[in-house]
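One is the number of the first residue; the rest follow in order along the sequence.
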Amino acid sequence: MSTASLAHPHEPVRTDVLIVGAGPVGLFAAFQAGVLGLKCELIDVLDRAGGQCTELYPEKPIYDIPAVPGCLAQDLVDRLLEQCAPFAFPMHFSQRADSVTDITDADGHPRMLVTTDAGKRFDVAAVLICAGAGAFAPQRVSLPEAAALEDRHVHYAVRDVSRFAGKRVIVAGGGDSALDWALALRKVAARVTLLHRREGFRAADHTVNAMRAAVEAGEMDFVVGMLGSLHSNDTGALTHAVIKTRDGEKTLETDELVALYGLVSEPGPIAQWDLDMRAGRIAIEDTTTYETSRRGIFAAGDIAVYPNKQKLILSGFHEAALALRKAYHYAFPNKALVHMHTSNNPALKEKLTHG
């Protein structure tokens with residue numbers, strides 16, 4: 001898939017739909033846009049496609065995708081990239097959508113001009129926001145010595161399990177991700193210690209039970225406490241952590257720290273787009289189109305909220321598919337959208353089969 005536009009950098013890129021967010025929902029939306037005959041471009045604040053699946057848990061199993069009994073999060077992203085590759089829609093990374101202005105074309109039809117923080121501009125008929133939880137970043141370890149260890153011995157995601165092979169690892173956190181990774185890493189690490197500030201967890205019962213069983217079996221350790229300080233040797237390698245517990249301080253020898261405290265997320269500049277926002281999410285009034293309170297702007301995935309909303313990837317797929325059908329009418333106001341199954345469309349079938 002292309003990562004750059006051929007348009008002059010000072011000229012707006014004219015396309016039918018701008019997809020904000022290149023996570024799983026955004027990637028499937030790009031495929032659906034191609035199926036409908038819409039041109040689109042994608043932007044994402046991250047430096048690559050995949051959203052949270054790639055950034056936070058690429059090796060975590062996903063089981064709720066229809067017809068896919070199970071796959072890793074990164075595998076799902078790779079499959080979605082392969083699925084929409086025949087349309088070669090441009091993707092623009094490391095930039096966010098900053099502002100949107102209503103404009104009209106030469107025929108008087110409403111359009112929008114979207115500008116990113118990198119100065120790129122898009123002249124579009126519709127915007128589909130698939131930004132997940134919004135602009136997000138992991139909650140970092142607040143200790144002053146942690147910054148110098150980040151990306152070497154302090155990690156906020158597990159992207160390569162093999163790098164922890166034979167290492168002493170502390171996994172800090174009390175949610176599903178922390179427990180899942182503590183259980184997974186115990187199979188490759190020399191020793192894994194799960195660190196959490198209290199006995200209770202924000203994780204599924206079966207995951208908590210699995211962790212306690214692993215501790216009972218001596219396969220891993222669990223310590224109730226908080227990080228007090230991190231210590232390195234002369235080469236800058238992490239050697240041990242001091243833990244604050246109810247009974248005082250405890251020293252844990254460790255090579256790697258995986259801090260999974262969750263994400264800090266916010267909608268970013270989208271909050272200034274005159275949309276109906278509720279607790280950082282975009283309210284949807286009509287679930288037949290997933291259009292927001294502002295004409296031509298749609299939302300799909302975790303950032304969209306409405307009664308009985310289910311935060312599932314498959315829900316985002318459905319929302320994006322319906323949103324794009326309404327967006328089609330904005331892109332082609334004088335043209336009817338004729339539904340046709342992909343298997344009955346020779347030209348589309350040729351493109352998807354042979355690229």
Side-chain angles (χ1 to χ4, degrees), residues 1-3 19-35 40-93 128-138 155-163 175-181 183-185 203-204 206-207 258 260 262-263 265 290 299-304 309-324 342 352-353 355:
M1 185 172 288
S2 173
T3 59
I19 298 174
V20 179
V25 174
L27 294 175
F28 182 74
F31 170 74
Q32 280 292 296
V35 168
C40 78
E41 306 219 2
L42 300 90
I43 62 172
D44 199 294
V45 70
L46 299 176
D47 61 359
R48 53 188 163 170
Q52 295 186 42
C53 283
T54 293
E55 186 72 9
L56 297 181
Y57 44 85
E59 297 190 46
K60 183 175 182 178
I62 294 178
Y63 298 109
D64 58 358
I65 304 300
V68 181
C71 69
L72 299 181
Q74 186 60 54
D75 290 338
L76 174 63
V77 171
D78 292 342
R79 294 181 190 186
L80 287 164
L81 284 167
E82 180 182 0
Q83 185 179 39
C84 60
F87 298 108
F89 292 133
M91 302 180 70
H92 310 271
F93 298 118
L128 175 55
I129 303 172
C130 303
F136 66 90
H155 314 273
Y156 299 106
V158 178
R159 296 192 177 92
D160 181 6
V161 171
S162 65
R163 74 164 296 152
D176 282 303
S177 293
L179 271 69
D180 285 344
W181 280 119
L183 289 167
L185 291 174
H206 67 86
T207 305
V258 181
L260 300 172
L263 298 175
S265 65
Y290 295 94
D302 286 355
I303 201 166
K309 165 72 178 188
Q310 301 298 307
K311 284 190 174 183
L312 297 171
I313 293 175
L314 65 90
S315 299
F317 291 167
H318 164 81
E319 294 157 6
L322 292 188
L324 287 165
T342 53
L352 296 178
T353 302

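Every ring pair (Phe, Tyr, Trp, His ring centres under 6.0 Å) that Phe87 has, sequence neighbours left out, goes to Phe89. In this structure, the side chain to side chain contact (heavy atoms under 4.5 Å, CB included) partners of Ser315, at least two apart in sequence or on a different chain, are Gln310, Leu312, Glu319.
Distance check, rounded to the nearest 0.5 Å: CD of Gln32 to CG of Leu128 gives 11.0 Å. Distance check, rounded to the nearest 0.5 Å: CG of Leu76 to SG of Cys71 gives 4.5 Å. Expressed to the nearest 0.5 Å, how far CG of Asp78 lies from OG1 of Thr54 amounts to 7.0 Å. Atoms CH2 and CG, on Trp181 and Asp176 in that order, are 13.0 Å from each other to the nearest 0.5 Å. For the atom pair CZ (Arg79) and CG (Leu72), the distance works out to 9.0 Å, reported to the nearest 0.5 Å. Note: His92 NE2 to Ile19 CD1 = 11.0 Å, rounded to the nearest 0.5 Å.
For residues 58-73, the salt bridge (charged side-chain N to carboxylate O under 4.0 Å, His left out) pairs, not counting sequence neighbours, are Lys60-Asp180.
Taking the six-membered ring for Trp and thresholds of 30 and 60 degrees, Tyr290 and His318 have ring planes more than 60 degrees apart, a perpendicular arrangement.
When all heavy atoms are compared, the tightest approach of Pro66 to Leu314 is CD-CB, 4.1 Å. When all heavy atoms are compared, the tightest approach of Ala203 to Gly175 is CB-C, 3.8 Å. Contact detail for Gly301 and Lys309: the closest heavy-atom pair is O-NZ, 2.7 Å. The minimum heavy-atom distance between Gly316 and Ala300, with the atom names listed, is O-CB, 4.0 Å. Of all non-hydrogen atoms in Ala131 and Ile303, the two that sit nearest each other are CB-CD1, 4.0 Å. Considering all non-hydrogen atoms of both residues, Phe93 and Arg48 come closest at CE2-C, 3.4 Å.
Between Ile62 and Cys53 there is a side-chain heavy-atom pair separated by less than 4.5 Å. Residues Leu183 and Thr207 have side chains in contact (heavy-atom distance under 4.5 Å, counting atoms from C-beta outward).
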Could you go through the side-chain contact (heavy atoms from CB on, under 4.5 Å) check for Cys130 and Leu27 one step at a time? CA-CA 9 Å; Cys130 303; Leu27 294 175; over 6 Å; no
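Judged by distance alone, the side chain of Asp44 and the main-chain N or O of Ala49 form no donor-acceptor pair under 3.5 Å.
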